[in-house]
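Below: one structure, written as structure tokens.
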Amino acid sequence: MSTVVLRGFGWRHAGRRAWAVRDVDLRIEHGERVLLLGPSGAGKSTLLAALAGLLPDDSGEQAGTVEIDGRSPADARDHVGIVFQDPQTQLVMARSGDDVAFGLENRGVPAGTIWPRVSDALDRVGFPYPITRSTAALSGGEAQRLALAGVLALRPGLLLLDEPTANLDPVGAELVRDAITRARADDTTLILVEHRVAEALPLVDRVVVLEAGGGIRADGAPEMVFAAYGDRLADEGVWVPGFRVPALKSPAAAGNEVLRATEVSVANRLSGVSIGVGEGEVLAVTGPNGAGKSTLALVLGGLLAPSGGQVSAFGDPKPPHKWRAATLTTRIGSVFQNPEHQFVTSRVADELAVGPRRTGRTPAQIKEIVDSLLDRLRLTKLAAANPYTLSGGEARRLSVATALATAPRLLVLDEPTFGQDRRTWIELVTLLATLRDEGHAVVAVTHDDDFVQTLADRTFPLGSSRPGEPLPRRRRS
């Protein structure tokens, strides 16, 4: 069984004044399938972590109660499975098959049934490799599928999914949704956090919307919730089906080329790619999981030396990976697929000050830059927060802000819109459009088709022989 009851539930992270989530009264019956929505920072991921028993007392303050079949989440862990926003945090073994088997072994599943369940779970999510595949060699999207397989193999009574398709290509996302559908047939209670609302609706029979300031804004059948609250929810950041975003195409052609990669390769990760980007251009790098998109982003950003080929940028005779750090940060700003991999301080404001300080800005200039970025990316209230306590969407905006802090002429972004609600998505994309119109170049690795259709001037489908696809240029509307 897996009936969920929350009474006045709230949670405040240690060292934070504001509550991550508050005043939640909610009952979910066994077998229900719930889509949990709300603006970025409303507490969706925190609520899932609470249900999974992953909020220890010494890491914050709890209000109210949480019960699963009358038990505390800590006592009900054997019946709960969760897939985090960042799947890398729950991969623990060196080989993929061993990782899926790990949970089964820890729960004492008979040895003779473990590997058939491992194979079944990997098949359900469309994992494309043998069980001997190194987990360190997986792309972000492939790791996401493996993490889901590890949870499905446990056959939990309560399945918690935090944006399970966010970094997946369309084929992988469809396979994951199919796996979720089959879990639904197993009479599993499902709570799903997903920004791709239209694609998620066939998986659920109920929608619950968290209020940003606390409590629940709406609760009911999807058609009822969106009919009654659709306009208001869209204004507050929920991705309501049918609400489109304005196009932000550039009206002008790209300027001088700022970076050119010729036949670059990285052993076992990337093969013979040639690509260039010009001033005032947004280039979207697309393609399936495992094609090497994130590796290419690291090479273009000067953070990884190619094992073959050449990269030249800004007329410098040296390739970017041989530039001094201070030179690199003023020319090329990078955003990693996992935002936490680039955080180096314990305060959001300090994180934004690192780059400007390294480039020799004065204290007054640093403060002006930090305050401006906090305001533009809706992070002002989080200035004193620890970056590692941010929601996925907040952490993504911070990582983009750190790249912008040194005003680089080229931005290389890996999944820049991951975890964003509708409002912050529009603000982030509008900011990138403004930078593009000011002459900055942007390379964005993305599976977000809305991003491509709204902002990209050209696409580069990695894994294709085509040099790139120009997209229609339209003036802003």
Side-chain angles (χ1 to χ4, degrees), residues 137 139-140 253-338 341-342 355 358-359 399-400 402-416 432 435-436 438-447 452 456-470:
S139 71
N256 296 328
E257 193 169 76
V258 296
L259 179 144
R260 164 62 56 178
T262 305
E263 290 296 316
V264 294
S265 61
V266 176
N268 301 317
R269 296 165 63 180
L270 185 68
S271 299
V273 175
S274 296
I275 186 174
V277 62
E279 296 173 336
E281 178 182 32
V282 176
L283 173 62
V285 178
T286 61
N289 293 122
K293 299 185 299 299
S294 293
T295 300
L296 177 62
L298 292 174
V299 171
L300 298 182
L303 302 174
L304 178 65
S307 53
Q310 296 179 337
V311 181
S312 60
F314 297 97
D316 195 312
K318 294 181 180 179
H321 72 272
K322 291 187 176 181
W323 296 347
R324 297 179 60 185
T327 301
L328 182 64
T329 55
T330 57
R331 290 177 176 177
I332 305 177
S334 291
V335 172
F336 302 157
Q337 189 176 66
N338 184 341
H341 287 176
Q342 63 193 96
R358 178 178 291 167
T359 58
S399 67
V400 172
T402 61
L404 297 176
T406 56
R409 300 303 296 172
L410 169 63
L411 286 168
V412 181
L413 313 173
D414 197 345
E415 299 290 357
L432 294 177
L435 292 170
R436 185 265 323 275
E438 293 172 352
H440 295 259
V442 178
V443 177
V445 169
T446 185
H447 289 118
V452 173
D457 303 305
R458 186 162 54 94
T459 65
F460 184 90
L462 195 60
S464 168
S465 60
R466 291 171 293 174
E469 297 178 347

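In this structure, L296 and V443 have side chains that are not in contact, with every pair of non-hydrogen atoms separated by 4.5 Å or more. In this structure the side chain of L259 reaches within 4.5 angstrom of the side chain of L300, judged on heavy atoms. By the 4.5 Å heavy-atom criterion applied to side chains, L270 and L462 are counted as neighbours. Residues V285 and I275 meet the side-chain proximity criterion, which asks for heavy atoms closer than 4.5 Å. Proximity of R260 to V311: side-chain heavy atoms (C-beta onward) are nowhere separated by under 4.5 Å. Between L298 and R269 the shortest side-chain heavy-atom distance falls below 4.5 Å.
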What verdict does the side chain to side chain contact (heavy atoms under 4.5 Å, CB included) test give for L303 and Q342, after you've listed the backbone C-alpha separation in whole Å, the side-chain angles of each residue and the deciding distance to 0.1 Å?
CA-CA 12 Å; L303 302 174; Q342 63 193 96; over 6 Å; no
Could you go step by step and tell me if V277 and F460 meet the side chain to side chain contact (heavy atoms under 4.5 Å, CB included) rule?
CA-CA 10 Å; V277 62; F460 184 90; over 6 Å; no
Candidate pair T329 and R358, rule side chain to side chain contact (heavy atoms under 4.5 Å, CB included), full reasoning:
CA-CA 9 Å; T329 55; R358 178 178 291 167; 4.1 Å; yes
Under the criterion side chain to side chain contact (heavy atoms under 4.5 Å, CB included), I'd like the reasoning laid out for V335 against L411: C-alpha separation, chi angles, the key distance, then a yes or no.
CA-CA 8 Å; V335 172; L411 286 168; 5.9 Å; no
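Note that NE2 of H341 is 9.0 Å distant from CZ of F336, once rounded to the nearest 0.5 Å. Going from atom NZ of K322 over to atom CG of D316 covers 11.5 Å, rounded to the nearest 0.5 Å. Atoms CG and CG, on L410 and L328 in that order, are 9.5 Å from each other to the nearest 0.5 Å. Separation of atoms CD (E279) and CG (N256) is listed at 5.0 Å; rounding is to 0.5 Å. Separating the CH2 atom in W323 from the CZ atom in R331 is a distance of 4.5 Å, to the nearest 0.5 Å.
Among all heavy-atom pairs drawn from G333 and P408, the shortest one is N-CB, 3.5 Å. In terms of heavy-atom proximity, G355 sits nearest to T406 at C-CG2, 3.4 Å. Taking every heavy atom of both residues into account, A297 and V412 meet most closely at O-CG1, 3.5 Å. Across all their heavy atoms, V264 and A261 have their closest contact at CG1-CB, 3.9 Å. Closest non-hydrogen pair, S334 versus A403, comes out as O-CB, 3.8 Å. The two residues S139 and G290 come nearest to each other via the heavy atoms OG-N, 3.4 Å.
A donor-acceptor pair under 3.5 Å is absent between the side-chain atoms of H321 and the main chain of P306, judged by distance alone. When atom types are taken as modelled, the side chain of S307 and the backbone of A267 share a donor-acceptor pair closer than 3.5 angstrom. Under a 3.5 Å cut-off, the side chain of S274 and the backbone N or O of E263 do form a donor-acceptor pair. Using modelled atom types, no side-chain atom of E281 and backbone atom of R458 make a donor-acceptor pair closer than 3.5 Å. In this structure, the side chain of K293 engages the main chain of P288 through a donor-acceptor pair within 3.5 Å.
Among N289, D414, N338, the one residue that satisfies the side chain to side chain donor-acceptor pair (under 3.5 Å) test with S294 is D414.
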